[in-house]
S.K.: 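I am attaching a structure below and will ask some questions about it afterwards.
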Amino acid sequence: MTGEEDRAGRTTREDELRGNVAQVRERIRAACAGAGRPEDSVTLVAITKTFPLEDVRTLAALGVTDTGENREQELKQKAPDAPGLTWHFVGQLQSNKARSVVRLAQVVHSVDRLSLVGALSKAAVAEEKTVRCLLQVSLASYGPEGAETGMSRGGVAPGDVPDLAGAVAGADGLELGGVMAVAPLGSDPDEAFAALRAVSSRLRSEHAGAGWISAGMTGDLEAAIRQGATHVRLGRALLGTRPPLG
Ligand SMILES: *Cc1c(COP(=O)(O)O)cnc(C)c1O
């Protein structure tokens with residue numbers, strides 16, 4: 001449907017998403033300008049969890065072709081019916097779901113332990129593909145004690161990044177892409193993401209190709225871009241409020 005309203009005078013979902021995409025692109029543009037970075041140095045990943053396939057397709061038609069899910073179940077429900085997109089997996093991953101995630105996603109942002117590396121590698125070899133892996137780094141020490149949410153829980157301690165990176169870099173079927181983090185609730189996101197940036201530059205001194213920094217969500221994308229994020233993961237800013245997750 002085109003135009004601002006449907007026949008009954010309602011704003012359509014497509015118009016709503018078009019407006020949201022424009023606002024998000026403007027936020028990214030302004031943040032990049034403020035940080036003296038080119039706008040195309042940041043990739044927008046739409047996190048479509050809890051929203052229907054139709055929204056994924058609408059966003060794709062609006063040019064948002066990097067799409068992420070945080071649960072294997074939802075990835076499985078949407079990705080096969082939305083081919084041609086780059087699918088990112090951003091949630092906590094159990095080893096027994098590695099095969100399914102590897103089959104459907106090109107990028108896994110949440111590699112946080114050695115045992116998962118083995119499972120992902122085995123799956124990638126079996127699927128005959130190469131999966132780009134980001135190491136999820138815990139920034140828990142930058143937030144108030146006990147404030148970790150479901151999203152920021154997990155992640156490898158910064159001191160354990162070199163070992164995990166070595167394992168990914170040496171694993172068949174996996175490609176070490178960089179780092180990912182969620183700023184803990186109640187933290188100063190600039191401080192948390194500055195720490196992530198430091199982890200990233202240490203990583204790059206050993207693994208030159210691992211330059212991605214996946215950081216920044218609806219509430220803190222400006223701080224993330226100031227601190228070097230190459231990928232921002234946006235849900236609510238694009239799609240609206242989610243029902244509370246069970
Ligand atoms: C849900 C989610 C996001 C998006 O969060 P918003 O605040 O809705 O932008 C980003 N990253 C991860 C890991 C998520 O689970």
Side-chain angles (χ1 to χ4, degrees), residues 16-17 19-28 31 42-52 55-56 58-59 62 64 66-79 85-94 97 101 104-113 116 132-140 142-143 147-156 177-190 192-193 196 199 212-225 227-246:
E16 191 184 335
L17 294 188
N20 291 349
V21 169
Q23 270 176 23
V24 159
R25 295 260 185 232
E26 174 52 26
R27 276 179 74 181
I28 293 172
V42 175
T43 299
L44 166 60
V45 182
I47 306 299
T48 51
K49 64 188 182 201
T50 77
F51 290 97
D55 283 351
V56 172
T58 303
L59 287 173
L62 293 166
V64 183
D66 282 85
T67 310
E69 289 289 340
N70 74 331
R71 292 181 179 198
E72 177 262 353
Q73 191 65 29
E74 273 199 80
L75 180 71
K76 221 162 57 181
Q77 283 163 5
K78 294 174 204 169
L85 304 183
T86 299
W87 283 92
H88 300 250
F89 187 78
V90 304
Q92 285 195 300
L93 180 53
Q94 295 166 288
K97 302 286 170 64
V101 164
L104 297 165
Q106 285 79 50
V107 187
V108 175
H109 290 229
S110 45
V111 178
D112 62 353
R113 59 192 188 280
L116 188 55
R132 195 163 174 88
C133 292
L134 308 185
L135 309 184
Q136 182 174 352
V137 178
S138 170
L139 301 176
Y142 296 89
E148 281 195 90
T149 66
M151 277 184 263
S152 68
R153 205 181 298 126
V156 60
V179 293
M180 175 274 209
V182 177
L185 217 58
S187 66
D188 172 346
D190 272 286
F193 292 141
L196 182 66
V199 171
W212 287 14
I213 301 178
S214 166
M217 315 195 304
T218 291
D220 55 22
L221 82 88
E222 285 81 6
I225 288 174
Q227 302 303 333
T230 62
H231 291 70
V232 292
R233 308 179 309 271
L234 302 184
R236 292 166 300 153
L238 286 169
L239 292 148
T241 314
R242 283 185 295 274
L245 289 174

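Along the sequence shown, residues are numbered consecutively beginning with 1. None of the values given here were measured: they were computed from a predicted structure. Atoms within each ligand, like the ligands themselves, are counted from 1 in listed order.
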S.K.: Which ligand 1 atoms are under 4.0 Å away from a heavy-atom of L234?
M.R.: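 Contacts of ligand 1 toward L234, numbered from 1: 9 (O).
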S.K.: Please identify which atoms of ligand 1 are closer than 4.0 Å to at least one heavy atom of T218.
M.R.: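 Those of ligand 1 that fall under 4.0 Å from T218 are 6 (P), 7 (O), 8 (O), 9 (O).
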S.K.: Identify which one of H231, H109, Q136 satisfies the side chain to side chain donor-acceptor pair (under 3.5 Å) criterion when paired with S214.
M.R.: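 Testing S214 for a side chain to side chain donor-acceptor pair (under 3.5 Å) against H231, H109, Q136 leaves exactly one candidate, H109.
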S.K.: Measure K49 to ligand 1 on non-hydrogen atoms and call it side chain, backbone, both or neither using the 4.0 Å cut-off.
M.R.: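 It is the side chain that gets close, since no backbone atom is under 4.0 Å.
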S.K.: Donor-acceptor check, side chain of E72 to backbone of L93, threshold 3.5 angstrom: yes or no?
M.R.: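 No, the answer is negative, given that no donor and acceptor are paired below the 3.5 Å cut-off.
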S.K.: Among residues at least two apart in sequence or on other chains, which ones pass side chain to side chain contact (heavy atoms under 4.5 Å, CB included) with R27?
M.R.: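 Here the qualifying residues are T218, L221, E222, A237.
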S.K.: What about A237: any of its N or O atoms under 3.5 Å from an N or O on ligand 1?
M.R.: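 Not met; the criterion fails.
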S.K.: Between K78 and T48, is there a donor-acceptor pair closer than 3.5 Å when you use the side chain of the first and the backbone of the second?
M.R.: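 At least one qualifying donor-acceptor pair exists.
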S.K.: Could I get the full list of side chain to side chain contact (heavy atoms under 4.5 Å, CB included) partners for A79, not counting sequence neighbours?
M.R.: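 Result, side chain to side chain contact (heavy atoms under 4.5 Å, CB included) vs A79: L75, W87, L104.
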S.K.: So, 4.0 Å and heavy atoms of R242: is ligand 1 close enough to count as a contact?
M.R.: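 In this structure, R242 qualifies as a contact of ligand 1 - some heavy atom is under 4.0 Å.
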